[in-house]
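What's counted below: heavy atoms across the whole structure, side chains too, no hydrogens, waters or symmetry copies.
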Amino acid sequence: MILYNVTSSVDPEVAEEWLAYMRDVHMPEIMASGYFLKSQICRLLNEENDGYTYATQYYCVSLAQLEEYQEVAAPGLRADLETRFPGQYVSFRTVLEVLE
């Protein structure tokens, strides 16, 4: 099992709107792509300066499946998010192998 983690630091002025968009639109669109089995969103609690950092996590069966998602579906989905919140968040991505 592969865990695809996207950690995003969000501008406090749009954090509530960003979170609602992620829950209601962006994450359902990612799940509808058919590449992932499960998703979740978490908020970091140990933020300094009352920041807003979220980790969205997606589980898929193989690295090959994740790579196909990144080539086929991810560019358009990322573009939609950037159009909606230009310059109001910064994300970095990590890929983990689930061992247990």
Taking all atoms of both residues into account, what is the closest heavy-atom pair of A15 and V10, and its distance?
CA-CG1, 3.7 Å

Distance-only check: which donor-acceptor pairs under 3.5 Å involve side-chain atoms of residues 90-100, not counting sequence neighbours?
residue : atom : partner : partner atom : Å
S91     : OG   : S8      : OG           : 2.6
R93     : NE   : Y4      : OH           : 3.2

Distance in Å, E29 CD paired with L81 CG, rounded so as to fall on 0.5 Å steps:
9.5 Å

Aromatic ring centroids of Y54 and Y89 under 6.0 Å?
no

By side chain to side chain contact (heavy atoms under 4.5 Å, CB included), P86 pairs with (sequence neighbours left out) E82, Q88

Between CG on residue L45 and OG1 on residue T53, distance to nearest 0.5 Å:
11.0 Å

Applying side-chain hydrogen bond (donor to acceptor under 3.5 Å, both in side chains) as the test, list every pair that has at least one member in residues 14-26; sequence neighbours left out.
E17-R84

Please identify each residue that fulfils side chain to side chain donor-acceptor pair (under 3.5 Å) with T56, with sequence neighbours left out.
none

What pairs of residues pass the side-chain hydrogen bond (donor to acceptor under 3.5 Å, both in side chains) test when at least one of them lies in residues 57-66, not counting sequence neighbours?
N5-Q57, Q40-Q57

Linking I/L/V/M/F/W/Y whenever any side-chain heavy atoms sit under 4.5 Å apart, do Y69 and V25 land together?
yes

Hey, does Y35 have a side-chain heavy atom less than 4.5 Å from the side chain of V72?
yes

Of all heavy-atom pairs linking C60 and L66, the shortest is SG-CB, 3.8 Å

Taking C-beta and beyond as the side chain, do F85 and D11 meet within less than 4.5 Å on heavy atoms?
no

According to a 4.5 Å side-chain heavy-atom criterion applied to Ile, Leu, Val, Met, Phe, Trp and Tyr, with indirect links allowed, do I30 and L19 form part of one hydrophobic cluster?
yes

Hey, quick one: are L3 and F36 part of the same hydrophobic cluster, counting side-chain heavy atoms closer than 4.5 Å, chains of contacts allowed?
no

Roughly how far, to the nearest 0.5 Å, is CE of M27 from CE of M31?
8.0 Å

Residue pair I2 / V61, side-chain heavy-atom distance below 4.5 Å:
no

